[in-house]
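Report on the structure given below.
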Number of protein chains: 2
Amino acid sequence: MKKQRPASRAPSRLVTGAGVDIGDLDRQVGFFLRLAQVAVFKDLVAALEPFGLRLTDYSVLLVIEANPGLKQQSIGEALRIQRPNLVVIIDGLERRGLVRRSVARRDRRSHALRITPAGAAVLEEANAAQAAHEARIRAAVGPSDWAALLEALARLARLGSSPT
Amino acid sequence: MKKQRPASRAPSRLVTGAGVDIGDLDRQVGFFLRLAQVAVFKDLVAALEPFGLRLTDYSVLLVIEANPGLKQQSIGEALRIQRPNLVVIIDGLERRGLVRRSVARRDRRSHALRITPAGAAVLEEANAAQAAHEARIRAAVGPSDWAALLEALARLARLGSSPT
DNA sequence: TATTGTTATACTCTATAACTATA
DNA sequence: TATAGTTATAGAGTATAACAATA
């Protein structure tokens, strides 16, 4: 039995290839979500590149600035970065003098992390670039749908989590 | 100068870590987009797993079914999969008897791809699982915002492309 | 015994260069 | 010469196991 296509539900046409029919794919959320994420990340990665920051570097800097003295494990939990992978990221940031590791007094196993003045300066520039990026995204979506989009994405992000 | 937070714009709270302040991150689209994409893909991957299909396998099957006789290069363009990577995917699908490669008569360099009856059967089951997945996503978002979400994602996906 | 940071390692995805056979 | 498929390989990003220091 051939699956019928409810043509009315299709959003504005998305041509990915050279006239190739991508089947029901152009009516599936996951497909759009992936394309949107790739496009948005491409723009954001380019915006942060002049500062030598990858997305993970940037998000880690943001969290450290917002939580002075935080230990690595907590950052990993907040950003869903595995502890071993975080070590490499912090190594890079520390080598560049953007972040400082110091042994925590209360628990000498952990490292208290702080952003340095140099790090704060870089982060401020990166934040401006991010704001410009966000403005571009916002313009692409259209002002009316903006709040609805963020709300919808937030609900999707909570999919697997405990339903409050 | 400290950046001010326009608290009114924040969508419903998203707690990622154990009470860690994630800074301005919870007001950036990219962050939500990533979390949403990860959550949605996790659900979809789980839905397709019983059929032994990864996301790429599934999307390739869909395109082949919609375009009998298509060559590999065209699939790659439509799905943005590099030709070398597609070879491995098709290898797997062909080994399982879900897809058949035959030398194209018109151009003997290329391979005409067709879905087999076995492949069509698997795809039909996978489509049902995908539909159930989509229903879950839709329920999480809420019916009112659904069309707006797809529309917004489609616009974002066209970010870097030529503005029509 | 459990936890923090670390090292080493592996697995998935994606990307590039170069080969072959056809055109 | 250009293209389709292929091979090999390399690079991100992410994941797990095990160890030393500390609790």
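Residue numbers begin at 1 in each chain, while the letters A, B, ... track the order of the sequences.
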Query raised in the report: Closer than 4.0 Å, any side-chain N/O of B/Q73 to the OP1 or OP2 of D/dA4?
Result: yes
Requested in this report: Please state whether the phosphate of D/dT14, meaning OP1 or OP2, lies under 4.0 angstrom from any side-chain nitrogen or oxygen of A/Q82.
Outcome: no
**Report entry** 5' precedence on DNA chain C between A/A112 and A/R34 (nearest-nucleotide basis)
**Finding:** A/A112
Query - Upstream residue (5' side of DNA chain C) when A/R109 and A/P84 are each assigned their closest nucleotide - result: A/R109
**Report entry** Inter-residue atom distance A/K71.NZ - A/L86.CG, 0.5 Å rounding
**Finding:** 12.5 Å
Report summary line: In this structure, CZ of A/F41 is separated from CD of B/Q37 (nearest 0.5 Å) by 8.0 Å
Starting at [atom1] of [X] and ending at [atom2] of [N], how long is that distance when rounded to a whole Å?
| X | N | atom1 | atom2 | result |
| --- | --- | --- | --- | --- |
| B/K71 | D/dA2 | NZ | C1' | 12 Å |
| B/I90 | D/dG5 | CD1 | P | 9 Å |
| B/H111 | D/dT3 | NE2 | P | 18 Å |
| A/L86 | C/dT6 | CG | P | 9 Å |
| A/D57 | D/dG13 | CG | P | 9 Å |
| B/L79 | C/dC13 | CG | P | 15 Å |
| A/D107 | D/dA23 | CG | C1' | 6 Å |
| A/I89 | D/dG13 | CD1 | P | 9 Å |

Report task. With the side chain of A/R54 defined as its heavy atoms from C-beta on, choose the nearest nucleotide among D/dG13, C/dT14, C/dG5. Result -> D/dG13
Requested in this report: Return the nearest nucleotide to the side chain of A/N85; candidates are D/dA15, C/dT4, D/dA2.
Outcome: D/dA15
**Report entry** A/R105 or A/L55, whichever maps to the more 5' nucleotide of DNA chain D
**Finding:** A/L55
Requested in this report: Using a heavy-atom cut-off of under 4.0 Å over every strand shown, decide if B/R83 touches base, sugar-phosphate, or nothing.
Outcome: base
Query raised in the report: Any N or O donor-acceptor pair linking the side chain of A/R108 to the base of D/dT22 at under 3.5 Å?
Result: no
Requested in this report: Could you tell me whether the side chain of A/D43 reaches within less than 4.5 Å of the side chain of A/R136, counting heavy atoms only?
Outcome: yes
Requested in this report: Provide the closest heavy-atom pair for A/R155 versus B/A140 in the form atom of the first, atom of the second, distance.
Outcome: CD-O, 3.3 Å
Report summary line: Nearest heavy-atom approach of B/A78 to A/I22 is CB-CG2, 3.8 Å
Report summary line: What residues 41-51 of chain B contributes to the DNA chain C interface at heavy-atom separation below 4.0 Å is none
Query raised in the report: Could you go step by step and tell me if A/R101 and A/I90 meet the side chain to side chain contact (heavy atoms under 4.5 Å, CB included) rule?
Result: CA-CA 9 Å; A/R101 270 193 259 234; A/I90 306 276; 3.6 Å; yes
Report task. Please check if the side chain of B/D57 supplies one atom and the backbone of B/R54 the other of a donor-acceptor pair under 3.5 Å. Result -> yes
